[in-house]
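First the structure, in the form of structure tokens, and then the observations on it.
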Amino acid sequence: MQKITPFLWFDKDAKEAMDFYVATFNTSPGKKSESEVVKIKYYPPGITEGPMAGMDGKVLTGVFTLEGQTFMCLDGGSLFKPNESMSFLIECKTQEEIDHYWNAFTKEGQESQCGWCKDKWGFSWQVCPSMEQFFTSPDSEANRRAMQAMLAMKKIDIAKLQEAFDNK
């Protein structure tokens, strides 16, 4: 059983987001995903006062899994917004996998630097290969070249990182 569960606050699109995340992970190349919407509870009808007025039919709590990791979410209104101080790292094995996640999240989201991007709801994702091979070598000059190459990238390009590391 998972002891810590990320809980995501959405303005009003939690159901759409859960469906998007599950579909994105279930169509990832090269593996069978363990992603699904597990359960959803909706706000009861008739709330006319307070901060939840008008939330009829919106998600009170939603539970979903991505690659076996449980998440919860809710539609909480516009009180809180996600920001880059918290992100989700997707460690990818291939460029095809990087391209899949990157393209899905940035289609209506936003590109950033060094493999970071935001989805359309403002949540930050790091879409990267294992960086250990590029940054923990005893060859500090190779590490520096790989770091310089990565800092110039938005979407990570594994081949270009490797070329920089190998000094080609």
Side-chain angles (χ1 to χ4, degrees), residues 1-132 135 150 153-158:
M1 171 96 188
Q2 179 176 303
K3 189 158 185 90
I4 298 172
T5 301
F7 198 109
L8 308 179
W9 181 294
F10 292 89
D11 184 3
K12 61 182 186 289
D13 298 328
K15 175 70 169 90
E16 177 187 350
M18 285 188 288
D19 291 341
F20 170 79
Y21 295 146
V22 166
T24 298
F25 279 83
N26 280 338
T27 58
S28 174
K31 64 183 173 184
K32 181 182 178 294
S33 181
E34 299 177 32
S35 304
E36 65 179 333
V37 174
V38 177
K39 64 182 170 182
I40 302 173
K41 293 181 182 175
Y42 294 95
Y43 284 98
I47 302 173
T48 58
E49 296 181 24
M52 298 303 122
M55 295 298 276
D56 298 28
K58 296 296 179 189
V59 175
L60 177 61
T61 56
V63 178
F64 62 104
T65 62
L66 302 177
E67 297 296 324
Q69 167 78 43
T70 300
F71 291 79
M72 288 189 74
C73 64
L74 84 152
D75 285 321
S78 60
L79 185 62
F80 299 112
K81 299 287 183 202
N83 66 54
E84 294 82 357
S85 68
M86 203 295 251
S87 64
F88 300 104
L89 171 66
I90 305 170
E91 194 169 296
C92 300
K93 294 189 185 314
T94 66
Q95 189 65 47
E96 183 182 22
E97 205 179 355
I98 288 171
D99 295 347
H100 170 78
Y101 290 113
W102 186 266
N103 294 339
F105 291 130
T106 62
K107 183 177 180 182
E108 294 185 64
Q110 182 179 17
E111 294 184 350
S112 191
Q113 295 299 120
C114 306
W116 290 55
C117 61
K118 285 186 191 177
D119 63 31
K120 76 181 260 184
W121 299 280
F123 289 100
S124 291
W125 297 83
Q126 298 177 58
V127 183
C128 303
S130 171
M131 296 297 207
E132 186 173 343
F135 302 134
M150 183 196 68
M153 295 177 188
K154 289 189 177 195
K155 179 175 70 173
I156 298 296
D157 184 320
I158 297 172

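Residues take their numbers from the sequence shown, with the count starting at 1.
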Decide yes or no for [X] and [Y]: does some side-chain heavy atom of the first lie under 4.5 Å from some side-chain heavy atom of the second?
X: Q69; Y: P6; value: yes
X: E34; Y: T65; value: no
X: W9; Y: L74; value: yes
X: D19; Y: F64; value: no
X: K93; Y: P129; value: no

Would the distance check show the side chain of [X] and the main-chain N or O of [Y] forming a donor-acceptor pair, the cut-off being under 3.5 Å?
X: E111; Y: K154; result: no
X: E108; Y: W121; result: no
X: E97; Y: C92; result: no
X: D56; Y: Y43; result: no
X: T48; Y: A53; result: no
X: S78; Y: D11; result: no

Next item on the list: Let me see the working for W125 and F123 under side-chain contact (heavy atoms from CB on, under 4.5 Å), right down to the final yes or no.
Entry: CA-CA 7 Å; W125 297 83; F123 289 100; 4.1 Å; yes

Check: Is it true that atom NZ of K81 has more than 12 heavy atoms of other residues, nucleotides or ligands lying nearer than 6.0 Å?
Finding: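 Yes.
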
Margin query: For the CD atom on E132, are there more than 12 heavy atoms of other groups (residues, nucleotides or ligands in this structure) within a distance under 6.0 Å?
Written below: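 Atom CD in E132 is not crowded, with 12 or fewer foreign heavy atoms closer than 6.0 Å.
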
Notebook entry, point to check: Just checking, is any N or O donor in the side chain of S28 or Y101 under 3.5 Å from an acceptor N or O on the other one?
Noted result: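 Indeed, the side chains of S28 and Y101 share at least one donor-acceptor pair under 3.5 Å.
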
Notebook entry, point to check: Will you find, in the side chains of S87 and Q126, an N or O donor that is under 3.5 Å from an N or O acceptor?
Noted result: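 Side chains of S87 and Q126: pair found under 3.5 Å.
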
To the nearest 0.5 angstrom, please state how far the [atom1] atom of [X] sits from the [atom2] atom of [Y].
X: L8; Y: M86; atom1: CG; atom2: CE; value: 6.5 Å
X: C73; Y: I40; atom1: SG; atom2: CD1; value: 7.5 Å
X: M72; Y: M18; atom1: CE; atom2: CE; value: 10.0 Å
X: K118; Y: E84; atom1: NZ; atom2: CD; value: 3.5 Å
X: D119; Y: Q110; atom1: CG; atom2: CD; value: 11.0 Å
X: E36; Y: L66; atom1: CD; atom2: CG; value: 10.5 Å

Quick one: closest heavy-atom pair of [X] and [Y], and the distance?
X: T5; Y: T70; result: CG2-O, 3.3 Å
X: G77; Y: M55; result: N-CE, 4.0 Å
X: T24; Y: H100; result: O-NE2, 2.7 Å
X: C128; Y: C114; result: SG-O, 4.0 Å
X: E16; Y: K120; result: OE2-NZ, 2.7 Å

Next item on the list: Test side-chain contact (heavy atoms from CB on, under 4.5 Å) on I156 and V127 and set out the steps.
Entry: CA-CA 8 Å; I156 298 296; V127 183; over 6 Å; no

Next item on the list: Would you please indicate yes or no on a ring centroid separation below 6.0 angstrom for F88 and Y21?
Entry: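 Y21 vs F88: aromatic centres not under 6.0 Å.
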
Item checked: Partner of Y42 by side chain to side chain contact (heavy atoms under 4.5 Å, CB included), out of L60, T61, D75, V59 ->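 Filter result, single survivor: V59.
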
Item checked: Pair F20-D13, side-chain contact (heavy atoms from CB on, under 4.5 Å): steps then yes or no -> CA-CA 11 Å; F20 170 79; D13 298 328; over 6 Å; no

Note to self: Is there a side-chain contact (heavy atoms from CB on, under 4.5 Å) between I90 and F25? Walk through the geometry before answering.
What the structure shows: CA-CA 10 Å; I90 305 170; F25 279 83; 3.7 Å; yes

Check: Would you call K155 and D99 a salt bridge, taking side-chain N to carboxylate O under 4.0 Å as the test?
Finding: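 Salt bridge flag = yes for D99 with K155.
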
